[in-house]
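In what follows, every heavy atom counts, from backbone to side chain, and hydrogens, waters and symmetry copies are set aside.
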Amino acid sequence: RPTFADKKSYIVYFGGHSHSSEEASLLQDRVVDSHYEILGSVLGSKEKAQDAIFYSYTRSINGFAANLDEEEAREISKHPGVISVFPNRGHKLH
Amino acid sequence: TTRSWDFMGLERDGVVPESSIWTKARFGEDVIIGNLDTGVWPESESFKDDDMGPIPSNWKGTCQNETDKQFRCNRKLIGARYFNKGYQSLVGPLSPELNSPRDNEGHGTHTLSTAAGRIVPGATLFGYSTGMAKGGAPNARVAAYKVCWPPVDGSECFDADILAAFDAAIHDGVHVLSVSLGGDPVDYFYDGLAIGSFHAVKNGLTVVCSAGNSGPFLGTVSNVAPWILTVGASTIDREFPSYVQLRNRKQMKGQSLSPVGLQQNFHPLISSKEAKATNMSSEDATQCLLGSLEPAKVRGKVVVCLRGNNGRVEKGEAVRQAGGVGMILANDESTGNEIIADAHVLPATHISYSDGVALLSYINSTKSPLGYITTPKTMLDTYPAPFMAAFSSRGPNTINPEILKPDITAPGVSIIAAYTGASGPTGLPFDSRRVLFNSESGTSMSCPHVSGIAGLLKALHPDWSPSAIKSAIVTSARTQDNTLEPMSNSSFVKADPFSYGSGHVRPNRAMDPGLVYDLTTNDYLNFLCSLGYNSTQNALFNVEPYLCPSRPLNIGDLNYPSISIPYLSGAVSVIRTVKNVGTPGTYRVRVIEPAGISVSVKPTSLKFMKVGEEKKFKVTLKAKSRDAAGDYAFGKLIWSDGMHYVRSPIVVKAGG
């Protein structure tokens with residue numbers, strides 16, 4: 001397994017959710033689980049995906065933020081549901 | 001803020017007229033304004049909840065105070081959350097006490113109180129500009145989403161946390177989101193802020209963002225997605241003059257908010273370059289970085305430092321640490337006449353580039369140069385105002401030059417608003433002073449002014465879309481200053497739409513714009529199709545089934561409230577649709593043509609019978625001669641029924 005230093009944080013973005021904002025709370029666990037499943041298919045197990053993902057966006061935005069190495073980021077970007085994978089970029093106060 | 005609302009005509013000498021948008025919009029009652037920033041200082045008077053009714057029943061937000069039991073929300077500050085997992089993924093675990101939405105920095109308290117702080121009498125910074133502090137929508141509820149943390153590699157706020165905050169704010173029930181942060185522009189699908197704001201706008205939230213502080217250079221504007229309302233920064237009609245008096249009787253006008261001056265007491269003057277410490281670079285000394293000055297050379301003297309991008313406030317401390325008694329901060333050529341009043345830690349004043357050149361010339365040509373700095377005063381009704389801040393980032397939009405950015409300008413220089421109790425007014429560790437209100441400058445400060453106004457419009461017109469609110473703000477802006485001359489830049493040269501977008505925000509006009517350029521989510525998706533995103537991507541983006549049109553939208557036809565043609569070759573036409581949100585009437589068009597460009601509009605008049613009615617028109621632009629190729633030229637398109645003036649800037653580059 002790559003060391004922590006090889007990992008960077010990325011956003012994996014799937015677009016929007018089909019559920020409404022009101023339904024979001026009810027479906028939250030299911031969405032999180034689907035994120036584990038998808039990343040797990042790249043990392044080799046759901047447990048590894050659980051370790052890697054630090055945010056699941058479950059309400060309006062569909063996606064997650066995870067610590068990945070470059071190869072893992074490249075692999076997940078090939079998943080058919082993924083719109084974009086991009087680094088957890090920094091911004092400045094203005 | 002203690003002056004900017006008066007400057008924009010919402011009040012006159014503390015009296016709010018019946019005709020003010022404040023009166024009409026009940027000071028923003030029933031609206032919820034969220035802020036993505038450094039958190040909030042909940043004890044600030046600007047967030048007191050006296051006489052406010054119960055929290056709206058549809059509010060789903062929360063107040064995260066499990067580690068900071070002193071942190072309390074109330075009926076004004078109805079929500080406060082923090083997001084730092086993305087930050088921690090880079091810096092490692094934070095100490096537990098930092099798991100709080102409390103603002104230790106000051107920026108978030110300042111911006112949130114500017115957007116919607118309550119009315120606080122007696123607000124002042126060191127006795128200057130004493131008055132009633134008010135936010136743009138003082139009766140609106142507020143919610144703080146803390147996404148910015150101490151800087152790491154020059155960045156403070158990270159995409160992962162920003163996205164989490166957007167997702168929460170949409171769910172919580174926020175109406176307007178104020179976002180005073182940004183980065184270099186990148187493709188929309190690779191930018192957390194663009195993605196988050198798209199989802200917000202799709203859900204009916206208006207998202208207002210700062211344009212950035214990378215001016216005055218062209219092509220520096222950030223937050224350029226068309227669904228964002230992007231705000232540049234300009235001055236107000238208030239100054240804090242503090243003069244440099246030289247022994248040769250010459251006087252230079254600077255600005256400062258130092259608590260004291262060096263009244264009537266001549267002191268030796270030295271340039272910081274001359275005062276360079278051994279082993280330090282001349283560049284560091286010129287900028288007065290900490291430790292760059294030689295105490296033996298500086299002791300008892302007034303030091304002249306050059307303004308730079310590394311922060312103005314550290315310089316005063318560098319002079320003080322070296323034993324200096326005062327500081328004169330001089331602009332470089334790029335910042336020209338833009339002088340900013342800051343709460344320096346010693347007697348100090350900030351002077352223009354030309355005065356700086358004259359001052360250094362005096363120092364270099366005089367055997368014993370002497371001078372002093374007078375105690376600052378508050379001056380109102382100064383002119384010209386507004387003029388554009390040199391730091392305000394400028395267009396063209398480097399992602400899509402067909403979309404004019406920034407959209408608008410608003411007050412962002414020397415703005416006094418609420419501040420944290422955890423830091424001194426310079427924000428630096430050595431500053432042990434504590435203030436209830438502080439003066440700050442940046443597009444961060446202009447952005448929440450527009451957020452507050454968007455909140456007022458939401459209160460007044462709850463059924464308007466985010467695009468309609470944006471259109472009303474953009475088309476009602478003015479481009480004249482208070483001398484009735486065209487707005488200028490910090491060198492007093494005429495400014496242009498790359499600096500101010502459509503002009504300076506005019507809230508009382510925005511409440512009754514007459515016509516709006518409206519846009520739906522599908523319009524934005526068509527726009528993305530034109531950029532090459534396919535139906536599948538857009539369907540995922542939007543969730544509902546979506547097919548790109550068989551004939552892609554001409555990007556120039558996005559129903560934006562401004563017109564930007566970066567590549568004019570031959571004749572180019574764009575289509576716009578206006579919706580009547582005022583009274584029935586007939587609007588006639590007037591065009592101020594960009595130099596060297598002919599503009600024709602068809603039809604030239606539009607008759608509206610009822611509210612909500614929409615009419616299309618076509619604008620055709622053509623270079624008047626082949627020689628017109630070259631720089632951007634600027635014009636204006638105005639629809640008017642005699643009561644309303646619906647103005648759109650035209651930006652065009654022939655042969656581009």
Side-chain angles (χ1 to χ4, degrees), chain A residues 4-28 31-32 34-35 38 50-69 72-73 77-94, chain B residues 37-38 60 83 85-86 88-90 105 107 148 151-164 166-168 170-171 180-183 186-187 189-193 195-196 199-200 202-203 209-213 222 233 393 442-445 447 533 537-544:
Chain A
F4 183 77
D6 296 324
K7 304 266 184 184
K8 284 182 187 161
S9 47
Y10 289 87
I11 317 294
V12 178
Y13 176 55
F14 297 98
H17 287 289
S18 48
H19 58 248
S20 69
S21 187
E22 288 71 35
E23 295 165 331
S25 307
L26 296 170
L27 297 169
Q28 195 170 347
V31 174
V32 172
S34 75
H35 291 160
I38 293 167
Q50 282 179 15
D51 282 348
I53 292 177
F54 56 87
Y55 277 125
S56 267
Y57 307 115
T58 60
R59 287 156 171 164
S60 298
I61 300 166
N62 188 359
F64 59 79
N67 290 311
L68 304 170
D69 65 36
E72 291 161 350
S77 70
K78 293 176 190 162
H79 188 279
V82 170
I83 290 187
S84 57
V85 177
F86 55 97
N88 177 26
R89 194 166 67 108
H91 299 263
K92 285 180 177 164
L93 291 165
H94 284 157
Chain B
D37 211 298
T38 60
K60 292 189 205 145
F83 302 89
K85 290 180 188 168
Q88 291 187 82
S89 74
L90 297 155
E105 206 274 351
H107 190 278
C148 301
V152 50
D153 296 334
S155 294
E156 295 144 309
C157 335
F158 289 85
D159 270 333
D161 299 323
I162 291 168
L163 272 172
F166 268 109
D167 209 27
I170 297 165
H171 169 264
S180 286
L181 58 97
V186 293
D187 191 313
F189 282 175
Y190 295 82
D191 178 1
L193 231 156
I195 290 170
H199 286 277
K202 182 173 176 280
N203 281 280
C209 295
S210 46
N213 300 338
S222 56
S393 291
T443 53
S444 275
M445 283 66 238
C447 167
Y533 294 103
Q537 287 169 310
N538 278 341
L540 289 168
F541 196 38
N542 189 47
V543 177
E544 284 114 35

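Residues B:Leu90 and B:Phe158 are in side-chain contact: their nearest non-hydrogen atoms beyond the backbone lie under 4.5 Å apart. Residues A:Tyr57 and A:Ile11 form a side-chain contact, since some pair of their non-hydrogen atoms from C-beta on lies under 4.5 Å apart. With a 4.5 Å cut-off on side-chain heavy atoms, A:Arg59 and B:His199 do not count as touching.
Contact tally against chain A (heavy-atom pairs below 4.5 Å) for B:Ile162, B:Asp191, B:Ile170: the top residue is B:Asp191. Residue with the most contacts toward chain A among B:Gly442, B:Ser393, B:Ser210: B:Ser210 (heavy-atom pairs, distance under 4.5 Å). The candidate from B:Gly86, B:Gly196, B:Ala233, B:Ala168 with the greatest count of non-hydrogen atom pairs under 4.5 Å with chain A is B:Gly86. In terms of heavy-atom pairs under 4.5 Å with chain A, the best-connected choice from B:Leu193, B:Val152, B:Val186 is B:Val186. No other option in B:Leu181, B:Asp159, B:Asp187, B:Thr38 has as many heavy-atom pairs under 4.5 Å with chain A as B:Asp159. When each of B:Gly183, B:Gly182, B:Pro151 is checked for heavy-atom pairs under 4.5 Å with chain A, B:Gly182 comes out on top. Heavy-atom pairs under 4.5 Å with chain B were tallied for A:Gly63, A:Ala65, A:Ser9, A:Ser84; the largest tally goes to A:Ser84.
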Audit row: A:His35, A:Asn62, side-chain hydrogen bond (donor to acceptor under 3.5 Å, both in side chains) steps and yes/no: CA-CA 9 Å; A:His35 291 160; A:Asn62 188 359; 2.8 Å; yes
Test side chain to side chain contact (heavy atoms under 4.5 Å, CB included) on A:Leu27 and A:Thr58 and set out the steps. CA-CA 8 Å; A:Leu27 297 169; A:Thr58 60; over 6 Å; no
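For B:Cys148, the part lying near chain A is the side chain, with the backbone staying farther off; criterion is any non-hydrogen pair under 4.5 Å. Looking at B:Asp167, the atoms closer than 4.5 Å to chain A (heavy atoms on both sides) sit in the backbone and in the side chain alike. Only the side chain of B:Ser222 comes within contact range of chain A, with heavy atoms under 4.5 Å apart. Both the backbone and the side chain of B:Thr443 come within contact range of chain A, judged by heavy atoms closer than 4.5 Å. When heavy atoms are compared at a cutoff of 4.5 Å, B:Asp161 approaches chain A by way of both its backbone and its side chain. For chain A, the nearby part of B:Ala211 is the backbone; its heavy atoms alone come within less than 4.5 Å.
Cysteines B:Cys447 and B:Cys209 are not disulfide-linked, with SG atoms at least 2.5 angstrom from each other.
No side-chain donor-acceptor contact under 3.5 Å links B:His107 and B:Ser180.
Between A:Phe14 and A:Phe64, the two ring planes are tilted [angle within 30° to 60°].
Side chain of A:His17 to backbone of A:Ile61: a donor-acceptor contact under 3.5 angstrom is found.
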